Amino acid sequence: MAVLGIETSCDETAVALYDGKQGLLGHRLFSQIEVHREYGGVVPELASRDHVRKAIPLIKGLLDETGMQRTDIEAIAYTAGPGLMGALMVGCAIGRSLAWALQIPAIAVHHMEGHLLAPALETPAPDFPFVALLVSGGHTQLVDVRAVGDYRLLGDTLDDAAGEAFDKTAKMLGLPYPGGPELARLALQGVAGRFRFPRPMTDRPGMDFSFSGLKTFALNTLQKHPQADLQTKADIALAFEVAVAETLVIKCRRALQATSAGALVLAGGVSANQRLRERMRKMADTESARLFYPRTEFCTDNGAMIAYAGYQRLRAGQHSDLGFQPKARWPLDELPPA
Ligand code: KG4
Ligand code: ZN
């Protein structure tokens, strides 16, 4: 018996099977990078259409690979928000229909709860309470996590999310979509110290973020170097990446001190960033806090985190009405306790 997870909130169609006793049984993902690349970003309508094409074949492939029958599925967890409305509706319609046909519960999963719990798919898994830094393309949030569903927002971004700032700056540097990992790769060739970017909102108390100024700073720097060669671009990429990482580190230190939590969890696409992980590791060591993050493929969107979050809700006796409507916007702290 297992929970089938379905993720279609943005540009990845992903499915997974999670079993309470055996753990993760399998997962499959189809990335739409090639679909969107020529447009330099995600085209929502194309994303929805591709989810329609890929979701069922991925589920069939996953069942074959794991040797499971449809009747072995105990519940269906699908991402119900936040995300692109059309894309969410595809996963929602498939998840609800399958649940109805199989006469099993459907669970509407919050995408960011999926990210937040993803480190628990690894060994060792973090124990509650912990501070979570959620850094993705759409979110930058610091959360005081006491238990599944017990989330207190400590800080949020006032404008761009960290991943969004990575993507926009990468675009300015002429890098293809998705920009974050491309910028990180270019930054590896950068010379430290040639440029210095600000650390936004670190000179005042609080745990909120603002990343749109960094993007403007990158634009201004590029305008001062109209014939920027690859080395100059790499130097800018490095200065930008260091500024984002240090800003996140400063706020995470504050969150650890404010909550006296002994553990920090990094999750969401930007938590795949090596420089961020290294700097967080140093800070966590000085704060005597344990650091957790998922394996790289579970930092970015995936089905495993949705199956796992759904399993946690199911275990708490919760499921969703088959009329549940997806939500493009959905504050994390509106979730009920498990
Ligand atoms: O969690 P995710 O897959 O999707 C959302 O829920 O948004 O996060 C995607 C974001 C993108 O902005 C992408 O550029 C960024 O994560 N990202 C990275 C890295 N890998 C993915 N940013 C910086 N460094 C990386 N290595
Ligand atoms: Zn995500």
Side-chain angles (χ1 to χ4, degrees), residues 3-16 18 27-33 35-36 39 41-56 58-59 62 76-99 106-118 121 132 134-141 143 151 157 160-164 166-167 177-178 180 267-272 294 297-313 320 324-332 334-335:
V3 176
L4 171 68
I6 305 172
E7 157 63 34
T8 65
S9 69
C10 191
D11 56 349
E12 252 106 32
T13 319
V15 299
Y18 184 87
H27 64 101
R28 284 198 163 200
L29 178 141
F30 180 84
S31 165
Q32 299 180 353
I33 286 179
V35 176
H36 303 291
Y39 305 97
V42 180
V43 182
E45 177 64 23
L46 296 183
S48 310
R49 292 183 196 189
D50 212 52
H51 289 311
V52 171
R53 272 193 290 271
K54 299 293 172 1
I56 298 287
L58 276 176
I59 293 170
L62 179 67
I76 314 271
Y78 61 89
T79 304
L84 301 172
M85 190 42 124
L88 289 169
M89 284 171 74
V90 176
C92 183
I94 293 173
R96 285 165 34 179
S97 311
L98 269 178
I107 305 148
V109 171
H110 191 294
H111 181 80
M112 299 313 292
E113 178 168 79
H115 276 304
L116 189 153
L117 297 176
L121 289 161
L134 304 178
V135 268
S136 68
H139 291 80
T140 306
Q141 295 182 323
V143 191
Y151 308 133
T157 180
D160 291 353
E164 193 180 353
F166 261 98
D167 293 341
Y177 152 88
V270 182
S271 67
E297 62 183 328
F298 292 165
C299 289
T300 43
D301 291 347
N302 64 86
M305 67 183 196
I306 302 304
Y308 180 73
Y311 165 75
Q312 288 297 333
R313 293 288 175 180
S320 314
F324 192 96
Q325 296 294 314
K327 302 177 191 204
R329 290 179 176 277
W330 189 3
L332 185 66
E334 277 182 10
L335 289 180

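Computed over heavy atoms, backbone and side chain alike; hydrogens, waters and symmetry mates excluded. Predicted model, so just to flag it, every value in this text is computed and none were measured. Positions are given from 1, in the same order as the sequence printed here.
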Subject >> Which residues share a side-chain contact (heavy atoms from CB on, under 4.5 Å) with A307, sequence neighbours left out >> reply: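 A307 satisfies side-chain contact (heavy atoms from CB on, under 4.5 Å) with A16, Y18 once adjacent residues are dropped.
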Subject >> Within-4.5 Å side-chain heavy-atom neighbours: L335 and R313 >> reply: yes
Original post:
Are any of the side-chain heavy atoms of L58 and L62 separated by less than 4.5 Å?
Top reply: no
Side-chain ([X]) to main-chain ([Y]) donor-acceptor, under 3.5 angstrom:
X	Y	value
H111	P82	no
H139	Q141	no
T8	A87	yes
D11	Q32	no
S48	P44	yes
S9	G83	no
N302	F298	yes
T13	K54	no
S31	I33	yes
Q312	A309	no

Distance, nearest 0.5 Å, that separates [atom1] of [X] from [atom2] of [Y]:
X	Y	atom1	atom2	result
H110	Y151	NE2	OH	9.0 Å
L134	L332	CG	CG	6.5 Å
T140	D160	OG1	CG	8.5 Å
E297	H27	CD	NE2	4.0 Å

Any idea which heavy atoms bring [X] and [Y] closest together, and the distance?
X	Y	answer
V135	A162	CG1-CB, 4.0 Å
V42	A47	CG1-CB, 4.3 Å
G268	S136	CA-CB, 4.3 Å
A77	V3	CB-CG1, 3.9 Å
L121	M305	CD1-N, 4.0 Å
I6	I76	CD1-CG2, 3.8 Å

**OP:** Determine, step by step, whether L117 and E113 satisfy the side chain to side chain contact (heavy atoms under 4.5 Å, CB included) criterion, reporting the C-alpha distance in whole Å, the side-chain angles of both residues, the deciding distance to 0.1 Å, and the verdict.
**Re:** CA-CA 6 Å; L117 297 176; E113 178 168 79; 3.8 Å; yes
Subject >> Derivation and outcome, side chain to side chain contact (heavy atoms under 4.5 Å, CB included), residues I306 and V15 >> reply: CA-CA 8 Å; I306 302 304; V15 299; over 6 Å; no
Original post:
Does the ring-ring contact (aromatic ring centres under 6.0 Å, His included) test come out yes or no for F30 and H51, once each step is laid out?
Top reply: CA-CA 9 Å; F30 180 84; H51 289 311; 9.4 Å; no
**OP:** Determine, step by step, whether V270 and F166 satisfy the side chain to side chain contact (heavy atoms under 4.5 Å, CB included) criterion, reporting the C-alpha distance in whole Å, the side-chain angles of both residues, the deciding distance to 0.1 Å, and the verdict.
**Re:** CA-CA 9 Å; V270 182; F166 261 98; 3.9 Å; yes
**OP:** Decide side chain to side chain contact (heavy atoms under 4.5 Å, CB included) for I107 and Y311; before the verdict, give the C-alpha distance in whole Å, the side-chain angles of both, and the deciding distance to 0.1 Å.
**Re:** CA-CA 9 Å; I107 305 148; Y311 165 75; over 6 Å; no
**OP:** Apply ring-ring contact (aromatic ring centres under 6.0 Å, His included) to F324 and list each qualifying residue two or more places apart in sequence or on a separate chain.
**Re:** W330
Subject >> Inter- and intrachain pairs under salt bridge (charged side-chain N to carboxylate O under 4.0 Å, His left out), touching residues 78-91, at least two apart >> reply: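 Output for this query is empty, none listed.
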Original post:
Without hydrogens or angle criteria, can the side chains of Y78 and E7 be said to hold a donor-acceptor pair below 3.5 Å?
Top reply: no
